[in-house]
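In what follows, chains carry the letters A, B, and so on, assigned in the order in which the sequence lines appear, proteins first and then strands, with residues in each chain numbered from 1.
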Amino acid sequence: MSKKVRLRFAPSPTGGLHLGGVRTVLYNYLFARQHHGDFILRIEDTDQSRYVPGAEEYILDCLAWCGLNPDESPLHPGAYGPYRQSQRKAEGLYLQYAQQLVQQGHAYYAFDTPEELEEMRTHYKTAENPSPQYNHVLRTKMKNSLSLPAEDVQRLLDAGTPHVIRIKVMPGEEIHFTDLIRGDVTFSTNGVDDKVLLKADGMPTYHLAVVVDDHLMEITHAFRGEEWLPSAPVHILLWRHLFGEDKMPRWAHLPLILKPDGNGKLSKRDGDRLGFPVFAMNWKDPNTGEMTKGFREMGFLPESFLNMLAMLGWNDGSGQELFTIEELIQKFSLERVHKGGAKFDFEKAKWFNHEWIKRLPVTHYQGQVQSYFQAAGIDTAKPGAPRLDSVLELVKDRCHLLTEFVQQSGFFFQAPDPATIDLSPVRPKWNEAKQQFFIELLNQLPFIKTWDAPTLEKEFKEMAAAAAIKPGDLLLPLRLMLVGGKFGPGVFDIAALLGPQETIHRIRQVLGLLRA
RNA sequence: GCCGCGUUGGUCAAUCGGUUAAGACGCCUCCCUUUCACGGAGGAAUGAGGGGUUCGAUUCCCCUACGCGGUACCA
């Protein structure tokens, strides 16, 4: 009987949730669900200097919006708590393992101050080696329990001298592991430095924490961004010394999401610069007060957001691009995840959203659209107004973003101001015959027995024929009267939803202007 | 610099040694629509370079180039 599959997403609460982070969550979630396992959220708040209030709650909110709710989290603890590393540190979880490593001879105390480290780096920096590492050769020249006499070390320790614990990496060894996406990856320990495991403030670094916590939480599979690949050997060494390499979770290093122009990781700045969101939801930096737009507020459906992210680095090989979350759970496979990074394409993202707007029932997103109307000061519920769902149904084909419903259908609820309508497209060709036609139309409209689009169209065309005017010459004026612009669904569909009273009212208003 | 990982159209990408190298987004043309879209039909556009291996390489191997990531008491 194999162990239950358990995966974790371990963000540090330092700001908005990046779309790459959401994709990592998604892949975690899909894999966990597919294997009937657990998906865990663990907060990596080991850097107190980067603590941002509200960030953790924000991450939870983003996951909730996406529907990627963890089975265990700080809010819903399971049997493996606590789920914040700061709390785990308070329980002394990390210190004991760090000390165990020192006792085993796999780690050591280092007393170098930040200034001394800085000095070392500038001192040993050369053209060939711009970033000297605290490693097996340099550690002999530094202040640590390997270079200092035992008595000195004990004295420093007794005096409470600030110190860190570093891993002791032995040179000349090949470390390799099998990445679930990349296959065999090999490193030489010669290039691995003596990473700090436990900081002077007693907090573990990511390196120690991720290993200890993954073990204690019985994580079986660990997905993370490709930027972590270079530190994998440190984690493997730690696993070997602490818990046994065979107990280590299977690693998968996900490809990066790149900026659309040029190269490099997609950053919040790229979004600002190019005009698209990078965070899942609006994020307001509590320190600067700066607000960064999110996909949700930009008018994205969680269904399309996830679908789009899933396809950024993965496909099922069939050419299918539209997937429900259930289909993704069923079909997702790490073997089909790309190795190379993918440039983010906002146009394609909007296409996904458009597809989902079309395929989902409008009632599914009516609430959110309603809030956009509200924000625009448009009351969709005033007496006599068309039903919002009918309106949305009619215009959804032309909306890529939920926010576009306002521009596309606002006129249903708020009559265009006749004074501001641009009548120039019809004015030059306006004549007495047309004027008469609309006067006659106004007279006939109240007598239409069945107020629906087909009937209206039939009546309208019959009248046009009787007046010997091409219907085409009358449609644009009618559209301008009802809509206020050259856009929107079929005019008769619009009139049908508007109802007789409002239709007549709008025609009359503008007709008066055209006569002048 | 060093280490690691990558590299099929503008972008996302299929192909797991033999194909006219799919499909999608975007772009262009046409049709539909007496608005704008949707939809439909077409079109332009791709294997970084060089060596091997092989009857045959986009596919396997090596080198080069390029890109990215890492090289913190940040994650």
(request) Report the base-pairing partner of B/U71 (Watson-Crick or G-U wobble, both distances below 3.5 angstrom), or none. (result) B/G1
(message) Whole angstroms only, please: what is the CG-C1' distance between A/Asp316 and B/C16?
(response) 16 Å
(message) Just the rounded figure in Å: distance from P of B/A24 to CH2 of A/Trp314.
(response) 18 Å
(request) Can you tell me the distance, in whole Å, between the NE2 atom of A/His253 and the C1' atom of B/C3? (result) 15 Å
(request) Using a heavy-atom cut-off of under 4.0 Å over every strand shown, decide if A/Ala342 touches base, sugar-phosphate, or nothing. (result) sugar-phosphate
(request) Can you figure out which of B/A14, B/C73, B/G39 approaches the side chain of A/Glu355 most closely? (result) B/G39
(message) Would you say A/Lys199 places a side-chain N or O within less than 4.0 Å of OP1 or OP2 belonging to B/C74?
(response) yes
(message) Starting the side chain at C-beta, find the nucleotide from B/C73, B/C25, B/G39 nearest to A/Glu347.
(response) B/C25
(message) I'd like to know if the side chain of A/Lys434 reaches the main chain of A/Lys429, judged simply by a donor and an acceptor atom lying under 3.5 Å from each other, with no hydrogens or angles considered.
(response) yes
(message) Between A/Arg42 and A/Val210, is there a side-chain heavy-atom distance shorter than 4.5 Å?
(response) yes
(request) Once you apply the 3.5 Å cut-off to both distances, tell me the Watson-Crick or G-U wobble partner of B/U19, or none. (result) none
(message) Which nucleotide, if any, forms a Watson-Crick or G-U wobble pair with B/U54, using both distances under 3.5 Å?
(response) none
(request) Have a look at A/His176 and say if it touches a base, only the backbone sugar-phosphate, or nothing, with a 4.0 Å heavy-atom cut-off. (result) nothing
(request) Using the C1' atom as the reference point in each nucleotide, state the distance between B/C27 and B/U20 in Å, no decimals. (result) 24 Å
(message) In whole Å, measure the gap between the P atoms of B/A41 and B/G23 for me.
(response) 12 Å
(message) Once you apply a heavy-atom cut-off of 4.0 Å, does A/Gly313 come out as touching a base, just sugar-phosphate, or nothing?
(response) sugar-phosphate
(message) Between B/C55 and B/C5, how far apart are the two P atoms, rounded to whole Å?
(response) 31 Å
(request) Would you classify A/Pro255 as touching base, sugar-phosphate or nothing, given that sugar-phosphate means primed atoms plus P, OP1 and OP2, and contacts are heavy atoms under 4.0 Å? (result) nothing
(message) Give me the distance, rounded to whole Å, that separates B/G70 from B/G9 when you measure between the C1' atoms they each carry.
(response) 31 Å
(message) Pairing check on B/A13: which nucleotide meets the Watson-Crick or G-U wobble criteria with it, both distances under 3.5 Å?
(response) none
(request) Counting heavy atoms from C-beta on, name the nucleotide in B/G6, B/C12, B/C73 closest to the side chain of A/Lys343. (result) B/C12
(request) Nearest whole angstrom, please: distance from the P of B/U71 to the CG of A/Leu229. (result) 13 Å
(message) Taking 4.0 Å as the cut-off, does a side-chain nitrogen or oxygen of A/Thr46 come that near to OP1 or OP2 on B/A75?
(response) yes
(request) First locate atom CZ of A/Arg139, then atom OG of A/Ser145, and finally report the distance between them rounded to the nearest 0.5 Å. (result) 10.0 Å
(message) Nearest to the A/Phe187 side chain among B/G1, B/C25, B/C3, which nucleotide is it?
(response) B/C3
(message) Quick check on B/A75: is either OP1 or OP2 less than 4.0 Å from any side-chain nitrogen or oxygen of A/Arg42?
(response) no
(message) OP1 or OP2 of B/C2 versus the side-chain N and O atoms of A/Asn190: is any pair under 4.0 Å?
(response) no
(message) If I take atom NZ in residue A/Lys259 and atom P in nucleotide B/C68, what distance separates them, rounded to the nearest angstrom?
(response) 9 Å
(request) Remember a base hit wins even if backbone is also touched, and classify A/Val185 as base, sugar-phosphate or nothing at under 4.0 Å, heavy atoms. (result) sugar-phosphate
(message) On a heavy-atom basis, which atom in A/Phe223 and which in A/Tyr27 lie closest, and how many Å separate them?
(response) CE1-O, 3.5 Å
(request) Specify the residue among A/Leu198 and A/Glu457 whose closest nucleotide of RNA chain B lies further upstream toward the 5′ end. (result) A/Glu457
(request) Any strand is fair game: report the nucleotide pairing with B/G6 by Watson-Crick or G-U wobble, both distances under 3.5 Å, or none. (result) B/C66
(message) What is the distance, to the nearest angstrom, from the CG atom on A/Asp345 to the P atom on B/C25?
(response) 11 Å
(message) Nearest to the A/Asp193 side chain among B/C38, B/U71, B/G69, which nucleotide is it?
(response) B/U71
(request) Using heavy atoms to find the nearest nucleotide of RNA chain B for A/Gly472 and A/Gly191 separately, return the residue whose nucleotide is more 5′. (result) A/Gly191
(message) So, does A/Lys125 get its side chain near the phosphate of B/G1, meaning an N or O under 4.0 Å from OP1 or OP2?
(response) no
(message) Rounding to an integer number of angstrom, what distance separates B/U46 and B/U8 when you compare their C1' atoms?
(response) 6 Å
(message) Without decimals, in angstroms, what is the distance between A/Asn263 CG and B/U11 C1'?
(response) 13 Å
(message) Using OP1 and OP2 only, check whether a side-chain N or O of A/His338 sits under 4.0 Å from B/A14.
(response) yes
(message) Under 4.0 Å from OP1 or OP2 of B/G69: is there any side-chain N or O of A/Arg224 that close?
(response) no
(request) Find the partner of B/C27: check Watson-Crick (N1-N3 plus N6-O4 or O6-N4) and G-U wobble (N1-O2, O6-N3) distances, both under 3.5 Å, and reply none if neither fits. (result) B/G43
(message) Starting the side chain at C-beta, find the nucleotide from B/G1, B/A24, B/C73 nearest to A/Trp351.
(response) B/A24
(request) Could you tell me whether the side chain of A/Ser147 and the main chain of A/Met142 form a donor-acceptor pair under 3.5 Å? (result) yes
(request) Between B/G1, B/G70, B/U34, spot the one nearest the side chain of A/Glu128, thanks. (result) B/G1
(message) Whether A/Asp193 and A/Lys195 form a salt bridge (side-chain N of Lys/Arg under 4.0 Å from carboxylate O of Asp/Glu) is what I want to check.
(response) yes
(request) Determine the contact category for A/Thr186: base if any of its heavy atoms lies under 4.0 Å from a base atom, sugar-phosphate if only primed atoms, P, OP1 or OP2 are that close, otherwise nothing. (result) sugar-phosphate
(request) Select one nucleotide: of B/C74, B/U35, B/G1, the one nearest the side-chain heavy atoms of A/Asn129. (result) B/G1
(message) Check this for me, if you would: do A/Lys350 and A/Glu404 make a salt bridge, where the nitrogen-to-carboxylate-oxygen distance has to be below 4.0 angstrom?
(response) no
(message) Can you tell me if A/Lys195 touches the phosphate of B/A75, counting only side-chain N or O atoms and a distance under 4.0 Å to OP1 or OP2?
(response) no
(message) Is there a side-chain contact between A/Arg50 and the phosphate of B/A75, meaning an N or O under 4.0 Å from OP1 or OP2?
(response) no
(request) Supply the atom-to-atom distance A/His221 NE2 to A/Leu180 CG, rounded to the nearest 0.5 angstrom. (result) 7.0 Å
(request) Taking syn as within 90° of 0 and anti otherwise, name the glycosidic form of B/C38. (result) syn
(request) May I ask you to say what A/Ser131 touches in the nucleic acid, namely base, sugar-phosphate or nothing, with a heavy-atom cut-off under 4.0 Å? (result) base
(request) Sticking with atom C1', work out how far B/A24 lies from B/A14, rounded to a whole angstrom. (result) 11 Å
(message) Rounded to whole Å, please give me the gap between NZ in A/Lys265 and P in B/C5.
(response) 18 Å
(message) Please report whether the ring centroid of A/Phe405 lies less than 6.0 Å from that of A/Tyr372.
(response) no
(request) Give the nucleotide from the list B/A13, B/A75, B/C38 with an atom nearest to the side chain of A/Asn315. (result) B/A13
(message) Taking the C1' atom in each of B/G49 and B/U7, what is the distance between them to the nearest angstrom?
(response) 12 Å
(request) State which of B/C38, B/A24, B/A72 makes the closest approach to the side chain of A/Glu321. (result) B/A24
(message) Under a 4.0 Å threshold between the charged nitrogen and the carboxylate oxygen, would A/Asp47 count as salt-bridged to A/Arg50?
(response) yes
(message) Please give the distance between the P atoms of B/C25 and B/C38 as a whole number of Å.
(response) 11 Å
(message) Check this for me: does the side-chain of A/Lys348 come within 3.5 Å of the base of B/A24 through a donor and an acceptor?
(response) yes
